[in-house]
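Owing to the predicted nature of the structure, the values given are computational and were not obtained by experimental measurement. Sequence lines set the chain letters: A, B, ... in the order given, protein chains first and strands last, and positions in each chain run from 1.
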Number of protein chains: 2
Amino acid sequence: VTALTVADRTEAELIARIHAHFQAPPPWVVVGIGDDAAVVEPERNRLEVISVDALVDGVHFDRRFTPPDAIGHRALAVNLSDLAAMGAQPRLAVLSLALPRTWPLPDFDEFAAGFGRLATLHRLQVVGGNLTHTPGPLVIDVTVAGTVKRRGVLTRRGARPGDELYVSGTIGSAAAGLCALQQGDCRPALASGIERYLRPEPRVRLGLLLGRNRAASACIDLSDGLADGAHQLARASGLGLLIDADAIPIEPGARDWFERERLDPVTAAVTRGDDYELLFTVRPRFRGRLRTATAGSDVPVTRIGVCTADPGVVLRRMRDGQAVAEPMPLGYGHFR
Amino acid sequence: VTALTVADRTEAELIARIHAHFQAPPPWVVVGIGDDAAVVEPERNRLEVISVDALVDGVHFDRRFTPPDAIGHRALAVNLSDLAAMGAQPRLAVLSLALPRTWPLPDFDEFAAGFGRLATLHRLQVVGGNLTHTPGPLVIDVTVAGTVKRRGVLTRRGARPGDELYVSGTIGSAAAGLCALQQGDCRPALASGIERYLRPEPRVRLGLLLGRNRAASACIDLSDGLADGAHQLARASGLGLLIDADAIPIEPGARDWFERERLDPVTAAVTRGDDYELLFTVRPRFRGRLRTATAGSDVPVTRIGVCTADPGVVLRRMRDGQAVAEPMPLGYGHFR
């Protein structure tokens, strides 16, 4: 018996198999999957937030150690994280897949299940998509759209000198989890990092609350790591950042892992990607708004620094009992 | 001197190079390229129409005989054709590229120029995108959004028995052009077919006019050929079609080419793809509306058949002086 692959099914059959994992369309979907395009009613008094992200096998994930449902989860999560960073409520997605003919059919189904579960969790409707085959690696392209009130939009450019810098959750554990997966290391201490790498939880609710409460002056998501995010936010806002290395919430399991690998834990944690946390700035007089926002979310936030008039991102570290200021390393540049 | 490739430039530099070919954002773009996501104001009193299509090198085009600007043109045109089939006015696009590191930088620039020219022609704004590299073939994923009044939406499902079937323009020439390109045949008689294959003109204005004038009861675009489109429209509307083979407007140059290749011209013209024409149905009492619609477009339309209560798509042909009814062949199924 030869294992079935996606090439054993027609496009229409594959679409139906994906469809099985999606919720029934709500009334605002006027024309859904199955026509030349989808037709939707826009939401009243809301702006629309649109983002696209692609995952390529061998570049953004590795099918050898990423279960198919996690590929589906990640493909949507990276996009939801972008919406979260804008303060937007997820609304709809279109899913475009370039499939190698050899992809096993059960893997295809699990992929769809992972994508569909996260979509359902965030009440996100898949309104359309595209399937094609490819002689190359699996490519997953997801475009998402969300909505936000004009007053609740978060961008990267609103920070001012004196604003305080915060990060949500903890960082470094997804990077440690990825290393563990690559090395085939399954110690229980690494399980949470592996899970965070495979199935990141985009900070959708926190982003919404930061926007709605007008708590954050600027915000970015940490898909490419804290160092990259900090540089981008500073550049977009036209200022600098002074970050206290000791304040960075590096996940303890990740710190242990990096030390064991003889890596500097701070450098490793900030330069590696796959933390889908939010990095944001808050005016000191709006700390009350931040408390209101974070009271509604179960993700902790940590103050790690401050915005400065001088450009550049500086990391203040203790070295041999002395505070030294070092330039923040450049981030995880995934293109070059 | 080694030729430069996309791998010699950073993501930010490549984005800037693409950007150079796009128009400045209109006021409804609240946050454009450069943040975590784009933010746009929806258009008042309009529904939104969303479509995605991907092109893969070696599957949907061949870099060996498709100039880079034509790849850019086609990547957008196939999506605009979907909007046209819904009666929608194009509004915005997001462009996601998976780039092989070896892609020459001048080709990348020409690609962007071809994409940008067609976008400008249709006043379509590129609000975002994604760049990644890939170890596989070039993959271009384009998501477009357009707008339409609720009364002007065209779908595949509104046809009724007795409605007349029309097709815009001529068919077959893009398929003949593709064959000519594949065979390296550059006879001048084939030039228009080659051009139609390389740089198809989506029937955006005709689609808009058909919708606005409520002239068409159902509509589909012919990306996968007339046979495929006819089957899809008939299935979606729950009826049959009787098509007169002699009425099908096969482009004369294409007819000559198919005959020279010893192919039946009708079968070849209807089963091959890449005609970005519209196939639509009109209630007999709304012929006046159709005249109004087509008066505003420079694309001719031809009546080729009628909708029937019996399901199935039938092709009526003259064989040895006798009218015979044959089942319409199945279309160009590009997935299996």
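- Between the CG atom in Asp53(A) and the CG atom in Asn130(B) there is a gap of 4.5 Å [rounded to 0.5 Å].
- Heavy-atom neighbours of Glu201(B) CD from other residues, nucleotides or ligands within 6.0 Å: at or below the threshold of 12.
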request  = Decide side chain to side chain contact (heavy atoms under 4.5 Å, CB included) for Val31(B) and Arg157(A); before the verdict, give the C-alpha distance in whole Å, the side-chain angles of both, and the deciding distance to 0.1 Å.
outcome  = CA-CA 10 Å; Val31(B) 178; Arg157(A) 39 193 326 146; over 6 Å; no
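- Most heavy-atom pairs under 4.5 Å with chain A, from the set Ala236(B), Ala12(B), Cys219(B), Pro137(B): that is Pro137(B).
- For a residue to count as touching a neighbouring chain, one of its non-hydrogen atoms must lie under 4.5 Å from one of that chain's; by this rule Val139(A) touches chain B with the side chain only.
- For a residue to count as touching a neighbouring chain, one of its non-hydrogen atoms must lie under 4.5 Å from one of that chain's; by this rule Asn79(B) does not touch chain A.
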Candidate pair His133(B) and Val59(A), rule side chain to side chain contact (heavy atoms under 4.5 Å, CB included), full reasoning = CA-CA 8 Å; His133(B) 63 82; Val59(A) 179; 3.8 Å; yes
task = Dump the intermediate steps for side chain to side chain contact (heavy atoms under 4.5 Å, CB included) on Ile220(A) and Asp36(B), then the final yes or no.
result = CA-CA 7 Å; Ile220(A) 187 171; Asp36(B) 289 283; 3.6 Å; yes
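- For a residue to count as touching a neighbouring chain, one of its non-hydrogen atoms must lie under 4.5 Å from one of that chain's; by this rule Val153(B) touches chain A with the side chain only.
- For the pair Pro42(A) and Glu48(B), the tightest heavy-atom approach, listed with the atom from each and the gap, is CB-OE2, 3.7 Å.
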Output a table of donor-acceptor pairs, distance under 3.5 Å, between side-chain atoms of residues 80-96 of chain B and any protein atom two or more places apart or on a different chain; print 'none' if there are none.
residue: Ser81(B); atom: OG; partner: Asp221(B); partner atom: OD2; Å: 2.6
residue: Asp82(B); atom: OD2; partner: Ser51(B); partner atom: OG; Å: 3.3
residue: Arg91(B); atom: NH1; partner: Glu41(B); partner atom: O; Å: 2.9
residue: Arg91(B); atom: NH2; partner: Glu41(B); partner atom: O; Å: 3.0
residue: Ser96(B); atom: OG; partner: Asp141(A); partner atom: OD1; Å: 2.7
residue: Ser96(B); atom: OG; partner: Asp141(A); partner atom: OD2; Å: 3.2

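- Both the backbone and the side chain of Ala54(B) come within contact range of chain A, each with at least one heavy atom under 4.5 Å from a heavy atom of that chain.
- Here Ala37(A) is the residue among Ala37(A), Ala145(A), Gly136(A) with the most heavy-atom pairs under 4.5 Å with chain B.
- Counting heavy-atom pairs closer than 4.5 Å to chain B, the top residue among Val49(A), Ile50(A), Val56(A) is Ile50(A).
- Looking at Val39(B), the atoms closer than 4.5 Å to chain A (heavy atoms on both sides) sit in the backbone and in the side chain alike.
- Residue Arg44(B) does not touch chain A at all, counting heavy-atom pairs closer than 4.5 Å.
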